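Ligands are counted one by one from 1 in listed order, and the atoms in each one are counted from 1 as well. All values below come from the heavy atoms of this structure, side chains included, with hydrogens, waters and symmetry mates left out. Computed from a predicted model, the values in this text were never measured in an experiment.
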Amino acid sequence: MQNEQLIQDKQKKYETLLQQLKSLLQDETNKIAILSETCAIIHDVMGFFWVGFYLVEGDELVLGPFQGSVACLRIKKGRGVCGTAWQQRKTIIVPDVEKFAGHIACSTLSRSEIVVPIFNVSNGTETDYRPEILGVLDIDSTEISTFDEIDAKYLEEIIDTITRL
Ligand code: SME
């Protein structure tokens with residue numbers, strides 16, 4: 001019962017967040033403004049420790065807009081959780097960062113993590129179209145096992161929403 005309540009509370013927070021984000025960004029087209037506002041709203045509403053974007057530049061991810069403490073600037077493809085999500089083209093949930101081989105520890109306070117790739121959905125509609133990856137959304141928590149499929153679903157929806165602006 002308590003667990004169900006927690007799930008409902010989380011869903012409600014994400015639903016509110018999505019509505020706020022859509023109304024805040026409805027007329028915005030500037031990429032930096034959109035990414036900055038998105039990580040600020042996720043950070044404020046969900047209370048996560050670190051929320052930010054890494055953007056693809058050549059064979060590396062480079063730190064973009066974020067909310068939280070100082071972070072590493074560049075991550076190679078396939079390295080850490082971020083580089084792995086980029087390489088594997090899928091959302092990765094890490095319940096315990098100490099158990100993820102190759103995890104890049106930007107802060108010792110970070111205990112669990114979720115990384116969502118950002119697909120370029122704006123060009124190409126054919127079914128075999130393989131959209132390029134523009135970057136990733138990286139979220140860290142100071143608690144173990146913070147993220148689950150609900151977070152993945154809503155964060156993917158948030159990313160899908162902002163890439164269509
Ligand atoms: N932990 C990440 C690196 C980025 S920081 O958490 C902000 C990783 O392993 O990809």
In this structure, are over 12 heavy atoms from other groups packed under 6.0 Å from [X] atom [atom1]?
X    : atom1 : answer
E149 : CD    : no
K31  : NZ    : no
K90  : NZ    : no

Would you mind checking which non-hydrogen protein atom is closest to [atom], with the distance to 0.1 Å?
atom                   : value
atom 8 (C) of ligand 1 : V81 N, 3.3 Å
atom 2 (C) of ligand 1 : E113 OE2, 3.2 Å
atom 7 (C) of ligand 1 : D138 OD2, 3.4 Å
atom 1 (N) of ligand 1 : I104 O, 2.7 Å

Answer yes or no: does an N/O atom from [X] fall short of 3.5 Å to an N/O atom of ligand 1?
X    : answer
C82  : yes
Y54  : no
A105 : no
H103 : yes
A71  : no
R79  : no

Are the side chains of L61 and F53 in touch, meaning some heavy atoms are under 4.5 Å apart?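 Sidechains of F53 and L61: no contact.
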Interfacing atoms of ligand 1 (cut-off 4.0 Å, heavy-atom, [X]):
X    : answer
G80  : 9 (O), 10 (O)
C106 : 3 (C), 4 (C), 5 (S), 7 (C)
D140 : 5 (S), 6 (O), 7 (C)
W50  : 7 (C)

Starting from the C-alpha separation in whole Å, work towards a yes-or-no answer on salt bridge (charged side-chain N to carboxylate O under 4.0 Å, His left out) for R164 and D160. CA-CA 6 Å; R164 288 172 199 282; D160 188 66; 3.0 Å; yes
Is the closest side-chain donor-acceptor distance between E15 and Y154 under 3.5 Å?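 Indeed, the side chains of E15 and Y154 share at least one donor-acceptor pair under 3.5 Å.
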Between the side chains of E113 and S141, is a donor N or O closer than 3.5 angstrom to an acceptor N or O?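 Short answer, no.
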So, taking the atom named CD1 in I114 and the one named CG in L137, what distance separates them when rounded to the nearest 0.5 Å?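 With rounding to 0.5 Å, CD1 (I114) is 8.0 Å from CG (L137).
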Taking NZ, NE, NH1 and NH2 as the nitrogens, is one of them in R111 or D140 under 4.0 Å from a carboxylate oxygen of the other? no
